[in-house]
Number of protein chains: 2
Amino acid sequence: MIEWRDDLPRWRQIATVIQRRITSGEYPPGRLISENGLMQEFGVARNTARKTIVWLREEKALIYTRPNLGSFVGPEPEDDGEE
Amino acid sequence: MIEWRDDLPRWRQIATVIQRRITSGEYPPGRLISENGLMQEFGVARNTARKTIVWLREEKALIYTRPNLGSFVGPEPEDDGEE
DNA sequence: AGATATTTGTTCGTATGTATC
DNA sequence: GGATACATACGAACAAATATC
């Protein structure tokens with residue numbers, strides 16, 4: 001169980017944890033924890049879990065997201081090789 | 001057409017209807033209405049229909065679910081007779 | 001064997017409403 | 001008013017197992 005601080009929003013605190021897991025290698029390149037997994041593990045609503053994912057993607061550029069599939073550790077892959 | 005109330009979420013209102021059908025015998029032990037059937041009959045999204053099923057299963061224990069097959073009225077059958 | 005339809009499981013995208021701070 | 005956080009609800013897409021033809 002995570003101890004929430006009062007000086008930062010929960011989605012930022014979760015982002016810190018996930019970021020640590022990524023940079024430490026605990027989350028190797030590949031499938032990241034899903035929004036649902038975040039909700040379960042941290043006991044937050046989906047909105048909150050989503051904000052974490054968006055933050056990691058839009059601001060930190062540590063992950064990318066494939067709609068309906070999930071988020072992945074690493075940079076957005078190039079889409080070359082298609083007509 | 002169902003008249004939605006404002007004091008309860010739709011998935012709970014649907015659950016009440018289904019529960020009534022089960023206890024009244026309108027839905028005898030056996031195959032329950034599918035998520036798709038729920039969507040059609042009540043005009044709701046699949047998420048909403050699913051919440052009803054999960055509620056009836058996890059909280060009410062009135063039904064059980066066989067993945068890729070459907071949900072069934074009654075208690076979870078024992079799995080004996082297997083190696 | 002193969003194609004198709006059905007059904008549950010899972011995922012992300014989006015929007016709304018309520019409440020709190 | 002704005003940011004945070006909860007719950008609800010719509011939509012869409014992909015996967016996998018099962019059943020049917």
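Just so we're on the same page: letters track the sequence lines, and every chain starts at 1. Being a predicted model, the structure only gives us computed values, none of them experimental.
- The Pro9(A) side chain lies nearest to dT4(D) when the options are dT8(C), dT4(D), dC12(C).
- Side-chain nitrogen and oxygen atoms of Lys51(B) include at least one within less than 4.0 Å of the OP1 or OP2 phosphate oxygen of dT8(D).
- If you measure from atom CG of Asn47(B) to atom P of dA13(D), you get 14 Å, rounded to the nearest angstrom.
- Here the P atom of nucleotide dG9(C) and the CG atom of Asn36(A) are 13 Å apart, to the nearest Å.
- Between the CE atom of Met39(A) and the P atom of dT11(C) there is a distance of 11 Å, rounded to whole Å.
- Atom CG of Leu8(B) is separated from atom P of dA7(D) by 16 Å (rounded to the nearest Å).
- In this structure, Arg10(B) reaches the sugar-phosphate backbone alone: every heavy-atom distance under 4.0 Å involves primed, P, OP1 or OP2 atoms, never a base.
- A donor-acceptor contact under 3.5 angstrom links the side chains of Thr65(A) and Arg57(A), judged on distance only.
- By the 4.0 Å N-to-carboxylate-O rule, Glu76(A) lies close enough to Arg66(A) to be salt-bridged with it.
- Rounded to whole angstrom, the span from the CG atom of Asp7(B) across to the P atom of dG17(C) amounts to 18 Å.
- The aromatic rings of Trp4(A) and Phe42(A) sit tilted relative to each other, their planes meeting at an angle between 30° and 60°.
- For Leu69(B), counting side-chain heavy atoms from C-beta on, the closest listed nucleotide (dT18(D), dC12(C), dT8(C)) is dT18(D).
- Nucleic acid contact for Arg31(A): sugar-phosphate only, since backbone atoms but no base atoms lie under 4.0 Å from a heavy atom of the residue.
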